[in-house]
Amino acid sequence: MDVTFARFVAALRNADVRVSPAETLTAFDVVRRVGIADQALLKDSLALALAKSKAEKSRFDETFERFFFQLAFQEPAKRTFLAKFDAEADRQAALEALRGEISAELVDAVRAVLNDDRTALAVRVQQVADALNIHEISSLREKSVFSRQIADALAVPELDAYVQGRDAVAGGGDGGGEISDDLRGLLRYLRHYFREEIRAYVDAQYRLHADASGKRAILEAALKSNLNQLPQAYHDEVRRVVKKLADKLAKEHRRRARQTDRGVLDLKRTLRSNVAYDGSVFDLRWRQQKRERATVFVLCDVSSSVARVARFLLLFLYELTDVLPSIRAFAFSSRLGEITDIMRAKPSEAAIEEALFSWGKGNTDYARAFMDFRELCAMELNARSTLIVLGDGRNNYYDPRPDVFKELSRRAKQTFWLNPETRDQWREGDSEMRRYAPHCFRVETCNKIRDIERFADRLLVAAR
């Protein structure tokens with residue numbers, strides 16, 4: 001039981017449930033006190049000892065079910081192939097026909113299927129898997145290795161060879177005694193059934209023991225790679241990481257802001273307020289300066305070539321709304337529209353998806369987007385404003401009108417351009433970045449989560 005429970009703790013850690021060594025010892029004591037007879041009591045007791053947050057409790061429940069109740073052969077064999085063997089006499093006749101033709105172990109496996117005794121098959125698979133140390137599975141490549149080894153232990157290759165031999169006999173070949181068509185059809189199906197159930201079991205064990213850590217490794221690689229190459233399956237995980245990074249950045253900025261906003265030490269007020277302490281300085285007083293809040297204007301190209309980067313930048317800014325100055329967000333491809341109200345009124349994912357759906361259609365036209373923005377906000381751009389453009393600068397060979405962008409940039413305090421493409425790509429195709437870049441305070445390559453995080457940190461400082 002101690003070994004089993006230690007593996008369970010390892011599975012919890014793989015599922016991002018933080019379990020310290022001290023908590024592990026506490027949980028061992030819980031198991032000894034409550035026992036394993038009452039599964040509900042055991043699960044609730046361990047959850048109290050090991051899961052600290054609502055999210056961790058959810059992952060704990062899922063891992064507990066997968067660890068203790070994930071058995072092989074959960075799916076019954078199809079009745080279509082068993083219908084001819086409903087009678088006990090027919091089942092015995094089939095087994096007698098196979099006895100001597102195949103190994104006793106394989107005969108027992110066929111008997112378990114005919115009698116719908118999936119528990120016996122599941123126990124046999126579990127015994128073989130434990131002997132092979134399946135809990136040490138750590139990579140996708142090992143899944144096929146374990147599947148093959150378990151199939152070998154259950155004599156599935158022998159079944160393959162036997163069925164091929166009987167098919168050769170039915171086709172006029174040379175291969176031994178004849179068996180009925182019904183039994184041959186059943187055996188042909190069992191080859192597929194055994195392999196599918198073994199594969200499903202190994203896949204479940206992989207998800208339990210390795211997938212969480214494997215996903216973290218892939219996620220780390222994804223965070224360092226181009227967002228345009230990020231697999232769709234990992235978008236939810238990356239969103240969770242983005243929210244964590246934004247929250248961490250916001251907390252750090254609040255701490256720095258408190259230190260900065262307190263101003264310069266006011267010596268006269270400090271001395272007056274500490275007279276009662278005989279000159280000892282306990283109560284510091286500061287000269288605080290009132291600052292006019294700045295406005296950040298964010299223009300996001302949400303066409304297909306930039307949509308993934310735009311999605312995560314908008315999510316990052318959405319999570320920083322409490323600490324950033326006033327943000328006004330705009331999305332464009334062919335035309336530009338404001339999405340500030342959408343971002344405020346809906347949850348982050350829903351708001352961003354609606355923005356991308358509403359404004360991500362049509363051919364990208366930066367000149368048209370800049371002129372639309374000038375009509376909407378030109379008078380509000382001032383020396384306290386920060387203008388941010390996210391896009392690849394590819395204008396589909398339309399007139400780029402850099403003069404319009406120059407006018408907008410001059411009105412703002414500073415203009416940042418975040419481009420998913422590197423500088424060596426600016427000379428390729430329809431890119432107009434060489435004409436827009438001179439009017440920017442800074443142009444940064446931004447195609448990774450780390451790039452977005454680094455820019456957001458600078459923005460929090462520059463936009464104050």
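Reckoned from all heavy atoms, side chains included, excluding hydrogens, waters and symmetry mates. Since this is a predicted model, take the numbers as computed values, not measurements.
- Not counting sequence neighbours, the partners of Arg79 by the salt bridge (charged side-chain N to carboxylate O under 4.0 Å, His left out) test are Asp86.
- Under the 3.5 Å distance criterion, with hydrogens and angles disregarded, a donor-acceptor pair is assigned to the side chains of Asp130 and Gln126.
- Residues satisfying the salt bridge (charged side-chain N to carboxylate O under 4.0 Å, His left out) test with Arg423, not counting sequence neighbours, are none.
- Residues Tyr366 and Phe405 keep their aromatic ring centres 6.0 Å or farther apart.
- Tyr189 has its ring centre no less than 6.0 Å from the ring centre of Phe194.
- For Asp44, there are no side chain to side chain donor-acceptor pair (under 3.5 Å) partners two or more places apart in sequence or in a different chain.
- Judged as a side chain to side chain donor-acceptor pair (under 3.5 Å), and not counting sequence neighbours, the contacts of Arg328 are Glu338, Glu380.
- Taking a 6.0 Å sphere around CD of Gln39, one finds it holds 12 or fewer heavy atoms contributed by other residues, nucleotides or ligands.
- With sequence neighbours left out, Ser431 forms a side chain to side chain donor-acceptor pair (under 3.5 Å) with no residue at all.
- Using a 4.5 Å cut-off on side-chain heavy atoms (C-beta onward), Thr364 and Ser334 make no contact.
- Looking at residues two or more places apart in sequence or on another chain, you find a side chain to side chain contact (heavy atoms under 4.5 Å, CB included) between Glu375 and Arg368.
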Any chance you could lay out the side chain to side chain contact (heavy atoms under 4.5 Å, CB included) test for Phe330 and Ile339, step after step, and finish with the verdict? CA-CA 5 Å; Phe330 302 80; Ile339 59 174; 5.8 Å; no
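- Among pairs with a residue in residues 430-442, those fulfilling salt bridge (Lys or Arg N to Asp or Glu O under 4.0 Å) read Arg394-Asp430, Glu432-Arg435, Arg442-Glu444, at least two apart in sequence or across chains.
- Arg344 is linked by a side chain to side chain donor-acceptor pair (under 3.5 Å) to nothing, counting only residues two or more places apart in sequence or in another chain.
- Contact check for Asp392 versus Gln425: no side-chain heavy atoms found under the 4.5 Å cut-off.
- Put simply, the side chain of Glu23 gets close to the backbone of Ser20: a donor and an acceptor are under 3.5 Å apart.
- Contacts of Glu354 classified as salt bridge (charged side-chain N to carboxylate O under 4.0 Å, His left out), with partners at least two apart in sequence or in another chain: Lys346.
- Of the inter-residue distances, the one linking Thr63 atom OG1 with Leu46 atom CG reads 12.0 Å to the nearest 0.5 angstrom.
- In this structure, Lys406 places its NZ atom where only 12 or fewer heavy-atom neighbours from other residues, nucleotides or ligands lie under 6.0 Å away.
- Asp203 meets the side chain to side chain contact (heavy atoms under 4.5 Å, CB included) test with Lys143, Arg207; sequence neighbours excluded.
- Trp359 meets the ring pair (Phe, Tyr, Trp, His ring centres under 6.0 Å) test with no other residue; sequence neighbours excluded.
- In this view, Ala369 and Phe332, Leu336 satisfy the side chain to side chain contact (heavy atoms under 4.5 Å, CB included) rule, not counting sequence neighbours.
- Less than 6.0 angstrom separates the ring centroid of Phe73 from the ring centroid of Tyr193.
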